[in-house]
Amino acid sequence: MNNLGLTLITVDLFTKVIIFFNFMDLNFSFLNGNFGFNPFINRDQMSIFNSLFNLGISTNKLIIINVVTLILLCLLYARIKAVFGIDKHTTVFFILFISASICSIIDKLLLGGSLDYLLIFRWICDLKDIYLYLGFLYLVIYLVKNVDSSSSFKDDIKKIKKLFQLNNNTINR
């Protein structure tokens, strides 16, 4: 984790501390209720996916899912770096995803949920949710701009095999 990741986590954490101790009773919206500030601790649907798909996953299971996701993200980042090398863009979207995962774990451990406070188009979120969406958006734009249209499906499969060492030479050893 570099300074950007630590900064993102710190900003999320300190913002929530300030809101929790000083502004939990403050609510306002503007632009026909599309934007605003509406803090509450979300203990019912504590993740974007839990909310979107009405999964009903418990806090403890969500913590385990977040920890496993964090480990997988870190391992995938390290593997991509070792096999293909990493550019600054790849580092940025991995940092956004990893930071969001760490923030989510902290929320669930300290609050038993997520302190959501930003009202954006009638959706209440927090900085970690914004980190996730920015990371996803950055990844999509990066892939669209950098996809090698001359590579074949076979070439893409070879890259995936190389990433996970799934070629015949390593399997037969």
Side-chain angles (χ1 to χ4, degrees), residues 1-24 27 35-144 160 163-166:
M1 180 67 66
N2 70 9
N3 290 338
L4 175 59
L6 293 174
T7 300
L8 293 173
I9 295 165
T10 302
V11 168
D12 179 76
L13 184 60
F14 280 121
T15 301
K16 288 178 180 174
V17 166
I18 291 168
I19 292 169
F20 184 79
F21 288 108
N22 298 296
F23 300 108
M24 288 300 289
N27 291 295
F35 297 96
F37 183 82
N38 185 14
F40 79 102
I41 299 176
N42 182 351
R43 291 190 175 112
D44 295 325
Q45 298 172 325
M46 296 167 283
S47 78
I48 293 169
F49 302 109
N50 219 12
S51 176
L52 287 175
F53 303 114
N54 199 21
L55 298 174
I57 300 173
S58 70
T59 304
N60 291 337
K61 288 180 184 175
L62 284 171
I63 291 170
I64 292 168
I65 290 169
N66 279 118
V67 169
V68 169
T69 301
L70 176 61
I71 291 167
L72 290 174
L73 282 169
C74 291
L75 291 173
L76 183 60
Y77 177 79
R79 184 67 185 151
I80 291 171
K81 185 175 182 180
V83 174
F84 301 112
I86 296 282
D87 63 8
K88 65 181 178 182
H89 302 288
T90 306
T91 300
V92 169
F93 60 74
F94 266 102
I95 286 172
L96 288 166
F97 290 140
I98 290 169
S99 298
S101 184
I102 291 169
C103 292
S104 182
I105 293 167
I106 292 170
D107 279 355
K108 288 168 186 65
L109 289 174
L110 295 180
L111 299 171
S114 177
L115 175 55
D116 294 330
Y117 52 90
L118 295 171
L119 177 63
I120 302 173
F121 295 112
R122 300 176 192 212
W123 171 61
I124 299 176
C125 64
D126 62 355
L127 285 177
K128 85 171 154 11
D129 296 327
I130 292 172
Y131 299 164
L132 282 174
Y133 280 105
L134 286 176
F136 181 73
L137 182 63
Y138 199 143
L139 173 62
V140 168
I141 292 169
Y142 178 79
L143 291 174
V144 167
I160 292 170
L163 179 64
F164 295 106
Q165 291 185 339
L166 297 175

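The figures here come from the full heavy-atom set of this structure, side chains too, leaving out hydrogens, waters and symmetry mates. We're numbering straight along the sequence, starting at 1.
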Can you tell me how far [atom2] of [Y] sits from [atom1] of [X], rounded to the nearest 0.5 angstrom?
{"X": "L62", "Y": "K108", "atom1": "CG", "atom2": "NZ", "answer": "5.5 Å"}
{"X": "L109", "Y": "T59", "atom1": "CG", "atom2": "OG1", "answer": "10.0 Å"}
{"X": "I19", "Y": "F21", "atom1": "CD1", "atom2": "CZ", "answer": "12.5 Å"}
{"X": "L70", "Y": "I98", "atom1": "CG", "atom2": "CD1", "answer": "6.5 Å"}
{"X": "L96", "Y": "L134", "atom1": "CG", "atom2": "CG", "answer": "6.0 Å"}
{"X": "I71", "Y": "N66", "atom1": "CD1", "atom2": "CG", "answer": "11.0 Å"}

Practice task
Report yes or no: do S114 and D116 form a side-chain donor-acceptor pair below 3.5 Å?
Solution key: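 Result is yes, a qualifying pair exists.
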Problem - Between D87 and T90: side-chain donor-acceptor atoms closer than 3.5 Å - result: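 D87 vs T90: donor-acceptor pair found between side chains.
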Problem - I130 versus L118, closest heavy-atom pair with distance - result: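 The pair with the smallest heavy-atom distance is CD1-CD1, 3.5 Å.
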Problem - Where T15 and L127 come nearest, the two heavy atoms and their spacing - result: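 Smallest heavy-atom distance, with atoms named: OG1-CD1, 4.1 Å.
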Practice task
For I41, check side-chain contact (heavy atoms from CB on, under 4.5 Å) against everything at least two apart and list the hits.
Solution key: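 Here the qualifying residues are F20, M24, R43, L111, L115.
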Practice task
Answer whether the closest heavy-atom distance between the side chains of K16 and I106 falls below 4.5 Å.
Solution key: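 SC-SC contact between K16 and I106 ruled out.
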Practice task
With the side chain counted from C-beta on, respond yes when D129 and D126 share a heavy-atom pair under 4.5 Å apart, and no when they do not.
Solution key: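 Yes, their side chains come closer than 4.5 Å.
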Determine whether a donor-acceptor pair (N or O, by modelled atom type, separation under 3.5 Å) exists between the side chain of [X] and the backbone of [Y].
{"X": "S104", "Y": "A100", "value": "no"}
{"X": "N2", "Y": "G5", "value": "yes"}
{"X": "S99", "Y": "I9", "value": "no"}

Practice task
Anything under 30° is parallel, anything over 60° is perpendicular, the rest tilted; go ahead and classify F37 against Y117.
Solution key: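 F37 and Y117: tilted rings.
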Problem - Passing candidate, ring pair (Phe, Tyr, Trp, His ring centres under 6.0 Å) with F94, options Y142, Y138, F136, Y77 - result: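 Going through the options one by one, the only one that passes is Y77.
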Exercise for the section: Measure from the ring center of Y131 to the ring center of F97 and say whether it is less than 6.0 Å. Expected result: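 Judged by ring-centre distance (under 6.0 Å), Y131 and F97 do not meet the cut-off.
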